[in-house]
Amino acid sequence: MKIDILLGLQWGDEGKGKLVDALSPDYDVIARFQGGPNAGHSLEFNNTKHVLHLIPSGIFHPDKLNIIGNGVVIDPAVFKREIDELKPYAGNLTDRLVLSSRANLILPTHRVLDAAYEKKKGGSKIGSTLKGIGPAYTDKAGRSGLRVGDILRKDFRELYKMRVDQHLDILKGYNFEFRLEEFETGWFEGIELMKQFRIINTEYLINKLGSEGKNILAEGAQGTMLDIDFGSYPFVTSSNTISAGACTGLGVSPKNIGEVFGIFKAYCTRVGSGPFPTELEGETGEMLRNTGHEFGATTGRPRRCGWLDLPALKYSIMINGTTQLFMTKADVLSGFEKIRICTSYKVNGKEIDELPYTNDVKIDPVYSEIPGWKQDISGIRNYDKLPDELKNFIRIIEDFCKVPITLVSVGPDREETIFRKI
Ligand code: GDP
Ligand code: IMO
Ligand code: MG
């Protein structure tokens, strides 16, 4: 039994949704393992763009089973909205979407707490998506969370009220106005909808399907540089976004992990606060943002843009045990006269060989500059037909990272994908 993992190597939004969808024909099962509706996974086909927040990106393939694993935090209101939006495209999903009974719930008050905490932080705010992620994982770790399986209990309403009262007590210490009823209606509608789905201990199902030889793809959310342990803490999300997160978030053993597909953009983006060594604040950054349509899929916020950061990429590859690299948005770099790649970091004029533990060190990126290419590459489907300058760019990344780039994405549509045999 082998489970492959597809995850982001940068600060999220690398194109995970598009590539999970593009790879789904090769898999029987697609399973999300962490995060929650802070994720926005976009995919396109038949000239239509879809954005998924909770539901795995294999959902548009009618013969695939999709699982929301125990590591995910679910907001029932978002779940309902997403299922409603998917209906015209994906039909009735109750037979091919399964929910883990162990996944924790995001309560309406988690969202309020998220907003109250961020407001209190003022200038040092994390730039959270305000979906209640931090407070929901806090309750999970604090052993006071509610889980999906609990919604089937007769006393669920009482359990809910108990938790909400605890949250309201905390909120008394914050001068923060809110109207809970606005959130609660949709939330309880979502709970009723969730009851129509199979709520089971998905770890048994995944291990059974795996041992029967079914192909399973684990879909990550966010990115390695947002990992709670290895990202730029505290400017991170609240889960383990790395390959190890797939083991804890689905209930599979590390010995059953097969390929680890690490996705990265041909440049970098970041939404929210926190260090970003190669960030471009001027015209070039603006050009990347406009050409790459770099606006958040969940919040619509403009994404910060910068050149490709190889020291950070190599770090992510190490932490994840990445076996294959997938590069997205190569098409966005078309037309740049020169392309820069960060190959090392300097602090106080001295080169450093580890990513610093704290965020208060000023990192000066050291760049290599290479010639760009002019052609529109979005129509190319054969690796050999790519411009030589792009192949040179790819070679530099592979030489630095020592992992092959086996897929190049040249546009948002599922068809705009080049599979490369190595
Ligand atoms: P995810 O969170 O990793 O799934 O990524 P997002 O969906 O948040 O952001 C990626 C954005 O880039 C989406 O708008 C995608 O449609 C788009 N996209 C993905 N791959 C490519 C690509 O190769 N080229 C271009 N131009 N856009 C892409
Ligand atoms: P996908 O799966 C990019 C960022 C937020 C913020 C920090 C913490 O689409 O790649 P949180 O809401 O978790 O409290 O926010 O993490 N963030 C993401 N950035 N893509 C995401 O998901 C993100 N999910 C959270 O902007 O800086
Ligand atoms: Mg996204």
Side-chain angles (χ1 to χ4, degrees), residues 3-10 12-69 71-75 78-79 81-91 93 96-100 103 129 131 197 202 206 214-223 226 237 239 241 243 245-246 249-250 259-265 296-298 324 326-329 407 409 411-417 419:
I3 293 175
D4 296 339
I5 305 173
L6 185 149
L7 47 74
L9 295 177
Q10 297 165 319
D13 303 329
E14 298 89 349
K16 298 175 291 291
K18 175 202 154 156
L19 291 183
V20 168
D21 171 65
L23 260 56
S24 287
D26 293 340
Y27 290 90
D28 304 296
V29 181
I30 295 89
R32 259 285 294 272
F33 61 85
Q34 46 68 233
N38 48 349
H41 293 182
S42 324
L43 50 100
E44 279 186 46
F45 56 93
N46 298 340
N47 295 319
T48 307
K49 177 172 179 157
H50 302 272
V51 182
L52 299 167
H53 301 286
L54 278 170
I55 294 172
S57 303
I59 204 71
F60 293 100
H61 298 263
D63 52 340
K64 311 294 174 187
L65 181 70
N66 287 262
I67 297 176
I68 300 183
V72 177
V73 284
I74 302 185
D75 181 335
V78 178
F79 180 80
R81 221 177 302 136
E82 215 164 313
I83 295 286
D84 289 346
E85 280 172 18
L86 280 175
K87 240 177 222 148
Y89 302 96
L93 298 174
R96 55 196 183 87
L97 176 64
V98 181
L99 313 180
S100 166
T129 60
K131 302 293 174 194
F197 287 78
T202 47
I206 289 182
K214 295 279 192 281
N215 294 327
I216 301 171
L217 180 64
E219 174 180 0
Q222 290 81 55
L226 292 172
T237 191
S239 61
T241 59
S243 52
L250 294 174
E259 298 292 330
V260 179
F261 304 123
I263 307 197
F264 70 102
K265 278 180 195 172
T298 297
Q324 297 186 41
F326 293 170
M327 183 167 87
T328 60
K329 303 199 111 167
L407 184 153
S409 173
D413 193 277
R414 59 159 76 134
E415 301 296 330
E416 291 171 318
T417 310
F419 295 91

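Since the structure is predicted, the reported quantities are computational estimates derived from the model, not experimental observations.
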Exercise. Strictly under 6.0 Å, is that where the ring centroids of Phe79 and Phe197 end up?
Worked result: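 Judged by ring-centre distance (under 6.0 Å), Phe79 and Phe197 do meet the cut-off.
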
For this session: May I ask you to test the Ile3-Ile206 pair for a side-chain heavy-atom distance under 4.5 Å?
Result: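 They are in side-chain contact.
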
For this session: Would you indicate whether the side-chain heavy atoms of Leu407 and Leu23 approach each other to under 4.5 Å?
Result: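 Contact flag for Leu23/Leu407 side chains = yes.
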
Of all the heavy-atom pairs spanning [X] and [Y], show the shortest one and how long it is.
X: Gln222; Y: Ala39; value: NE2-N, 3.7 Å
X: Ile30; Y: Ser57; value: CG2-N, 4.4 Å
X: Leu43; Y: Phe45; value: CD1-CE2, 3.7 Å
X: Leu7; Y: Ser243; value: CD2-N, 3.4 Å
X: Pro25; Y: Lys64; value: O-NZ, 3.4 Å

Problem set entry | Leu97: which of Ile67, Ile83, Leu86 passes side chain to side chain contact (heavy atoms under 4.5 Å, CB included) |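 Among the candidates, only Ile83 passes.
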
Within the distance-only criterion (no hydrogens, no angle test), does the side chain of [X] pair as donor or acceptor with the backbone N or O of [Y] below 3.5 angstrom?
X: Ser24; Y: Ala22; answer: no
X: Arg32; Y: Gly69; answer: no
X: Ser100; Y: Thr202; answer: no
X: Glu219; Y: Lys16; answer: no
X: Glu82; Y: Leu54; answer: yes
X: Arg414; Y: Glu416; answer: no
X: Asp28; Y: Asn215; answer: yes
X: Lys49; Y: Pro412; answer: no
X: Lys265; Y: Asp13; answer: yes
X: Gln34; Y: Ala221; answer: yes

Problem set entry | Charged N-O contact under 4.0 Å between Asp21 and Lys18 |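 Not counted as a salt bridge, because no side-chain N and carboxylate O are separated by less than 4.0 Å.
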
Exercise. Would you call the rings of His50 and Phe60 parallel, tilted or perpendicular, where under 30° means parallel and over 60° means perpendicular?
Worked result: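 Tilted: the ring planes of His50 and Phe60 meet at 30° to 60°.
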
For this session: Test side-chain hydrogen bond (donor to acceptor under 3.5 Å, both in side chains) on Thr328 and Glu14 and set out the steps.
Result: CA-CA 7 Å; Thr328 60; Glu14 298 89 349; over 6 Å; no

For this session: Return yes if a side-chain donor-acceptor contact under 3.5 Å exists between Asn38 and Thr298, otherwise no.
Result: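 Result is no, nothing qualifies.
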
Exercise. Does CG belonging to Asp26 count more than 12 external heavy atoms closer than 6.0 Å?
Worked result: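 Correct, the count exceeds 12.
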
